[in-house]
Amino acid sequence: MRDDLLTLRGMRNILPREKAKINKIESEIRRLFKVYGFKEVETPTIEPLELFELKSGEEIRHRMYRFTDLGGRNVVLRPEVTASVAKLVVQEMRSMPLPIKIGYILNVFRYDEPQHGRYREFKQGGFEIFGSKSPLADAEILEVSSRLMDSLGIGNYYVKIGHEGVLRAILTRFGVEENIQDRVLGLIDKEKLSEAFEILASLQKGVEVTELIKRLWEIKSRNPAEALRKAEAVVKDIPEAIEQLDNLREIIELAQASGVGEVIVDMGFARGLDYYTGMIFEVYVKDLRIAVGGGGRYDKLTGILGWDIPAVGCAPGIDRLSLVLNDDIVPKDDIICLIISMVKEGDLLASRLAGMMRARGIPTMVDPTRRDLNKALSYASKRGFKYVAIIGSKEVENKVVTLKDMEAGSQEELKPEQIVEKLSQYSI
RNA sequence: GCCGCUGUAGCGUAACCAGGCAGCGCGGUGGCCUGUGGAGCCACUUGUCCGAGUUCAAAUCUCGGCGGCGGCCCCA
């Protein structure tokens with residue numbers, strides 16, 4: 001293989017076994033689209049650079065595949081889908097009744113260093129609800145994320161949940177501007193608290209705000225009620241923050257009522273995307289360090305694009321789900337019968353039989369090689385086919401086909417119609 | 001962007017530490033064997049990631065690049 005033609009770093013070929021798992025995950029996601037009323041859409045792979053400069057956050061921004069197209073436009077391969085879908089809704093769906101529920105399954109591109117579960121091209125599913133501020137919408141997003149895990153048979157997962165509104169309410173109370181808030185939350189997200197505090201200190205915001213954030217940041221618990229109680233005690237003098245906490249409590253209660261699995265509340269949790277305004281979460285599988293999905297509320301994003309409606313959504317990571325999925329979740333599907341025509345005069349009968357089988361939906365293959373019967377049987381054996389249909393000069397003469405059961409080793413001479421009938425139980 | 005491990009045929013590996021003819025298994029192709037001997041036998045197929053350095057001699061030692069795997073960061 002010429003090494004200048006090798007697959008690019010971070011890109012990969014997806015082989016049949018892996019692809020079958022991915023298909024399984026996608027079909028579960030599409031089933032949930034229908035069960036929950038999300039309409040699937042597709043957005044362009046290439047978007048204007050500006051779309052993601054707006055609110056996607058520093059982390060994603062400097063990992064974009066960006067280039068100038070032949071028309072001189074600054075463009076990127078989408079690093080995420082939410083901004084595109086928000087734009088789609090603003091651009092195309094202004095006359096639709098709210099709420100608008102949109103789903104997607106699309107590939108995205110980020111120029112990260114590849115490692116376990118991280119590629120430069122990967123696939124996300126997505127569930128987005130536009131036009132509702134209600135905690136019911138937040139809870140539904142948590143519910144559908146959780147339901148996907150259940151329906152894929154992934155039991156050992158938990159949801160890490162936080163709320164950017166609480167932190168933002170505190171910062172707003174102390175007069176910190178929004179773009180500074182984005183930076184501070186970004187640093188808190190990276191657990192670089194001291195750097196976040198340096199920014200606040202340089203703005204002369206006093207020690208009180210850093211103290212509040214620090215105490216809030218320390219609250220992490222598997223017991224949501226307990227975490228919320230502690231958080232309330234911290235922000236008791238800031239009504240706007242209390243309001244946000246109440247919102248989080250309501251969301252968690254609704255989510256648990258609908259059957260969301262284990263929840264861990266983390267008040268110091270922020271996310272790298274700047275557009276989040278409220279509840280945020282990530283889904284983790286135990287024993288795997290990386291998130292298999294995430295999401296949150298982003299009430300300001302569509303406003304920037306020209307239609308001010310609240311929104312909440314999530315994105316399951318299809319490749320990462322595949323990583324934790326057992327191979328045996330996908331049924332083996334393979335050819336049931338290999339038709340071997342040993343002489344040229346048998347080809348016509350072979351074609352006729354193959355046509356009849358396939359019309360009935362029986363997975364059938366005609367051996368196209370005209371090799372020794374031994375080798376053809378060897379091929380069928382290695383591939384695990386259930387039956388071979390042998391057509392030689394003897395069969396042509398008697399207008400029959402020898403059907404051999406590869407597992408039992410037995411065989412019988414049958415008319416083509418009889419073979420179709422016998423194997424019709426395998427039709428798909 | 002940073003760090004660690006690693007790189008031998010299509011795949012899996014031996015030889016590497018301690019420099020001296022690159023070997024094996026699987027696969028693939030062709031042939032032999034009257035059409036079921038799903039086997040066997042024979043033959044063929046293809047390789048030391050790239051580039052410098054040390055050396056009489058480099059798959060082996062050194063350096064750099066590239067790739068793979070993994071970790072940090074971030075996420076999906």
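Sequence lines set the chain letters: A, B, ... in the order given, protein chains first and strands last, and positions in each chain run from 1.
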Which atom pairs link the protein and nucleotides 31-34 of chain B when you take only N or O atoms and keep those under 3.5 Å?
from: B:rC33; atom 1: N4; to: A:D372; atom 2: OD2; distance (Å): 2.3

Separation of [N] [atom2] from [X] [atom1] (nearest whole Å):
X	N	atom1	atom2	answer
A:R371	B:rG28	CZ	C1'	11 Å
A:E80	B:rC74	CD	P	18 Å
A:F269	B:rC74	CZ	C1'	12 Å

Please tell me which of the listed nucleotides, [options], lies nearest to the side chain of [X]?
X	options	answer
A:R110	B:rC75, B:rG70, B:rG38	B:rC75
A:Q411	B:rG71, B:rU36, B:rC73	B:rU36
A:Q115	B:rG35, B:rC73, B:rG1	B:rC73
A:S378	B:rG38, B:rG35, B:rU36	B:rG38
A:I290	B:rG27, B:rC75, B:rG1	B:rC75

At under 4.0 Å between heavy atoms, what does [X] touch on the DNA or RNA strands: base, sugar-phosphate, or nothing?
X	answer
A:G186	nothing
A:A315	sugar-phosphate
A:Q124	sugar-phosphate
A:Y379	nothing
A:E395	base
A:G293	sugar-phosphate

If each of A:R120 and A:K394 is mapped to the nucleotide of RNA chain B with the nearest heavy atom, which maps nearer the 5' terminus, i.e. the 5' end?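 Nearer the 5' end of the strand: A:K394.
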B:rG30 and B:rG65, which share atom name C1', separated by this distance in whole Å: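 Going atom to atom, C1' in each nucleotide, I get 41 Å.
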Quick check on B:rC72: is either OP1 or OP2 less than 4.0 Å from any side-chain nitrogen or oxygen of A:R289?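 Yes, A:R289 has a side-chain N/O under 4.0 Å of OP1/OP2 on B:rC72.
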Please determine if a side-chain N or O atom of A:R9 lies less than 4.0 Å away from the OP1 or OP2 oxygen of B:rG68.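 So the side-chain polar atoms of A:R9 do come within 4.0 Å of the phosphate oxygens OP1 or OP2 of B:rG68, strictly under.
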Got a second to check how far A:I304's CD1 is from A:L51's CG, nearest 0.5 Å?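 So the gap between those two atoms works out to 10.5 Å.
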